[in-house]
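Read through the structure below, which is laid out as structure tokens, and then see the notes.
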Amino acid sequence: MSAAAAHAGLWRMGSGSSICASSCKVCADHCGGINWLSLSPDGRHLLTASEDCTARVWRTVDNQCCGVLQGHESYITFCYLENEAAFTCSADHTARKWDLTTGQCLAVYRGHTSIVNRILVAREYLFSGSYDRTARCWSIETDMPIQEFRGHRNCILALAHFSLQDVFNECEPEEQQDREFLVTGSTDCTVKVWDVSSGCCYRTLRGHSGAILCLVLDVPSKELFSGSMDYTIRRWNVVTGDQLKVFRGHQGSIICLEVVSQHLYSGSADRSVKRWITETGDCVQTYKTHKHNVSTLKYHAGFLFTGSGDACVRAFHTKSGILQRIFCGHTFIINCIQIHNELLYTASHDGTLRIWDIQDICKQKNSHRKDKSVQSKNSQKGSLSRLFHNKVGCSEQVSREQETVELT
């Protein structure tokens, strides 16, 4: 389960919960909960990371498992997938690199002394954050350690990366543009920006009064958004470190964030998702009906897909806020969502990967566009699991529900 979700609470399906009718595939190869799901850049493969100490590779063309990555000595907390290589991290204090074709472990990254919560692959670097209060950096090419980042007073749950050439214009000196920076969010309530080459803390962003659970960078705007257990989101200038805005309105911890154009989407332990204007901090939409914490979210084609501790996935029309669909079938918290070729992939702590056809939802978006085009022409007028044990259910009624079908 994701570290942010773990700090927010653990949920279980109650015996009285209803199962919705559906047409989805269920991949139940894992014998433990799935903590993360990653999609390769070329869209050909998926990678699931599990409590059963294995990661599994899936082909998106037929949704079949085509490889099992074995070697970790404890549960896998997070994974990242490239076109030809896979990366995983684990409670066994290590991260690993795998050959996607053969399943062979190519490298074991050692050095952490506690659970590795998160990894991030950027350019030629592999970054990791751990409960041991440190972050580390390795060379992907040589697999050698490059840097250790010490300074946080508690565990690191979130990572982000940028280079000066991402945020500065071309007029800046070339030697400055090549500088790389790691951003870490910690349960010590701070965000730190580190110079990768020196390992020194470049800047500490203070203001939150609770643990930092998630980070997201908006590189074109040179801005960083941080979500915290203090119920707020904060917007920072990633270059100067200035705090630009505090987003208030949630009544629970901020578990997940996504920036789309000029809008920020936030999922919270208060069972809602909010859409904000990034520049002003104004909340323009609240998406409700979740029965428990919102653990993950994904924007796609004008719709917002959310996963919750109530074991359901929901699809909302982003502008109207109208609930379009509830996907029922999982029996535990939804830890991750991916979307590819109009298929929705959901990974849950119940140990299953489920695949849902969302073509009809995408067609609704296209239909709305056509309707608007016709109207415009006629009128000529011009988007934490082990702390609590709550029972959940999926009894809401919607016009079109989904059911699940086991693969045989």
Exercise. Do Asn293 and Ser295 have a side chain donor and acceptor closer than 3.5 Å?
Worked result: no
Exercise. Just by distance, do the side chain of Thr278 and the backbone of Leu264 share a donor-acceptor pair under 3.5 Å?
Worked result: no
Exercise. Less than 4.5 Å apart, any side-chain heavy atom of Phe316 and any of Thr289?
Worked result: yes
Problem set entry | Nearest heavy-atom neighbours spanning Thr204 and Cys201 | OG1-SG, 3.4 Å
Exercise. Do the ring centers of His317 and Phe303 come within less than 6.0 Å of each other?
Worked result: yes
For this session: Enter the distance from Leu46:CG to Leu37:CG here, rounded to the nearest 0.5 Å.
Result: 5.0 Å
Problem set entry | Within-4.5 Å side-chain heavy-atom neighbours: Leu343 and Asn63 | yes
Problem set entry | Sidechain-backbone polar pair: Ser139 side chain, Met144 backbone, donor-acceptor under 3.5 Å | no
Exercise. Picking from Leu159, Leu120, Leu205, Leu215, what satisfies side-chain contact (heavy atoms from CB on, under 4.5 Å) with Val183?
Worked result: Leu215
For this session: Decide if atom CZ of Arg123 counts as having more than 12 heavy atoms of other residues, nucleotides or ligands within a radius under 6.0 Å.
Result: yes
Exercise. When you measure from the side chain of Ser38 to the backbone N and O of Leu47, does any donor-acceptor pair fall under 3.5 Å?
Worked result: no
Exercise. So which heavy atom on Ile339 is nearest to which on Ile337, and how close?
Worked result: CG1-CG2, 4.4 Å
Seminar exercise, completed: For Ser348 and Phe332, the nearest pair of non-hydrogen atoms, with its separation, is OG-O, 3.2 Å
Exercise. Crowded around Gln262 CD? As in, over 12 foreign heavy atoms under 6.0 Å?
Worked result: no
Problem set entry | Heavy-atom check, side chain of Tyr345 versus side chain of Leu353, under 4.5 Å | yes
Problem set entry | Arg203 (side chain) donor-acceptor with Val238 (main chain) under 3.5 angstrom | no
Problem set entry | Side-chain touch Ile119/Phe127, heavy atoms, less than 4.5 angstrom | no
Exercise. When rounded to the nearest 0.5 angstrom, what distance separates CZ in Arg110 from CG in Asp92?
Worked result: 8.0 Å
Problem set entry | Side-chain donor/acceptor of Lys192 to backbone N/O of His152, under 3.5 Å | no
Problem set entry | Audit row: Ile140, Phe87, side-chain contact (heavy atoms from CB on, under 4.5 Å) steps and yes/no | CA-CA 10 Å; Ile140 291 177; Phe87 298 86; 4.1 Å; yes
Exercise. Would a distance-only check, ignoring hydrogens and angles, find a side-chain to backbone donor-acceptor pair under 3.5 Å from Arg354 to Gly329?
Worked result: yes
Problem set entry | Shortest non-hydrogen contact between Thr77 and Trp36, atoms and distance | O-CB, 4.3 Å
Exercise. Under 3.5 Å, is there a donor-acceptor pair between the side chain of Thr54 and the main chain of Gln70?
Worked result: no
Exercise. Of all residues at least two apart in sequence or in a different chain, which pass the side-chain hydrogen bond (donor to acceptor under 3.5 Å, both in side chains) check with Asp218?
Worked result: Ser221
For this session: Determine whether Glu258 and Val216 make a side-chain contact, defined as any pair of heavy atoms from C-beta on separated by less than 4.5 Å.
Result: no
Problem set entry | Partners meeting side-chain hydrogen bond (donor to acceptor under 3.5 Å, both in side chains) with Ser226 (sequence neighbours left out) | His208, Trp236
Exercise. Are the side chain of Ser268 and the backbone of Ser253 linked by a donor-acceptor contact shorter than 3.5 Å?
Worked result: yes
Problem set entry | Name of the residue among Arg275, His250, Lys274 meeting side chain to side chain donor-acceptor pair (under 3.5 Å) with Thr286 | Lys274
Exercise. Restricting to pairs with a member in residues 43-74, which pass ring pair (Phe, Tyr, Trp, His ring centres under 6.0 Å), not counting sequence neighbours?
Worked result: none
Problem set entry | For Thr113, side-chain hydrogen bond (donor to acceptor under 3.5 Å, both in side chains) partners two or more places apart | none
Seminar exercise, completed: Rounding to 0.5 Å, atoms NE2 (His340) and CG (Asp42) come to a distance of 8.0 Å
For this session: Go through the structure and list residues passing side chain to side chain contact (heavy atoms under 4.5 Å, CB included) with Ser50, not counting sequence neighbours.
Result: His30, Asp52
Exercise. Which is it for Ser130 and His93 under the side-chain contact (heavy atoms from CB on, under 4.5 Å) test, yes or no, and what are the steps along the way?
Worked result: CA-CA 8 Å; Ser130 170; His93 308 177; over 6 Å; no
Exercise. Hey, does the side chain of Arg179 reach the backbone of Asp195 with a donor-acceptor pair shorter than 3.5 angstrom?
Worked result: no
Exercise. Is there side-chain contact between Arg325 and Asp360, with heavy atoms separated by less than 4.5 Å?
Worked result: yes
Exercise. Any side-chain heavy atom of Ile146 within less than 4.5 Å of one from Tyr125?
Worked result: yes
Problem set entry | Side-chain donor-acceptor pair present, Tyr231, Asp270, cut-off under 3.5 Å | no
For this session: Give, for atom CD1 of Ile334 and atom NE2 of His349, the distance between the pair rounded to the nearest 0.5 Å.
Result: 12.0 Å
Exercise. What pair of heavy atoms forms the shortest contact from Cys66 to Arg59, and how long is it?
Worked result: CB-NH1, 3.3 Å
For this session: Please report the shortest heavy-atom distance between Ser90 and Tyr75, naming the atom on each side.
Result: OG-O, 2.9 Å
For this session: Take Arg235 and Glu279 through the side-chain contact (heavy atoms from CB on, under 4.5 Å) test and state the conclusion after the steps.
Result: CA-CA 9 Å; Arg235 177 166 65 96; Glu279 181 64 27; 4.2 Å; yes
Exercise. Is a side-chain N or O of Ser40 found less than 3.5 angstrom from the main chain of Leu81, in a donor-acceptor match?
Worked result: no
For this session: Any chance you could lay out the side-chain contact (heavy atoms from CB on, under 4.5 Å) test for Leu39 and Thr60, step after step, and finish with the verdict?
Result: CA-CA 9 Å; Leu39 176 68; Thr60 55; 4.2 Å; yes
Exercise. How about Ser272 and Lys288: does a side-chain donor come under 3.5 Å of a side-chain acceptor?
Worked result: no
Problem set entry | side-chain hydrogen bond (donor to acceptor under 3.5 Å, both in side chains) partners of Trp138, counting only residues at least two apart | none
Exercise. Under 4.5 Å between any side-chain heavy atoms of Pro41 and Glu82, yes or no?
Worked result: yes
For this session: For the pair Arg314 and Asp310, find out whether any cationic side-chain nitrogen is under 4.0 Å from an anionic carboxylate oxygen.
Result: yes
Exercise. Could you give the distance from CZ (Arg56) to SG (Cys79), rounded to the nearest 0.5 Å?
Worked result: 13.5 Å
Problem set entry | Distance in Å, Glu148 CD paired with Thr134 OG1, rounded so as to fall on 0.5 Å steps | 5.0 Å
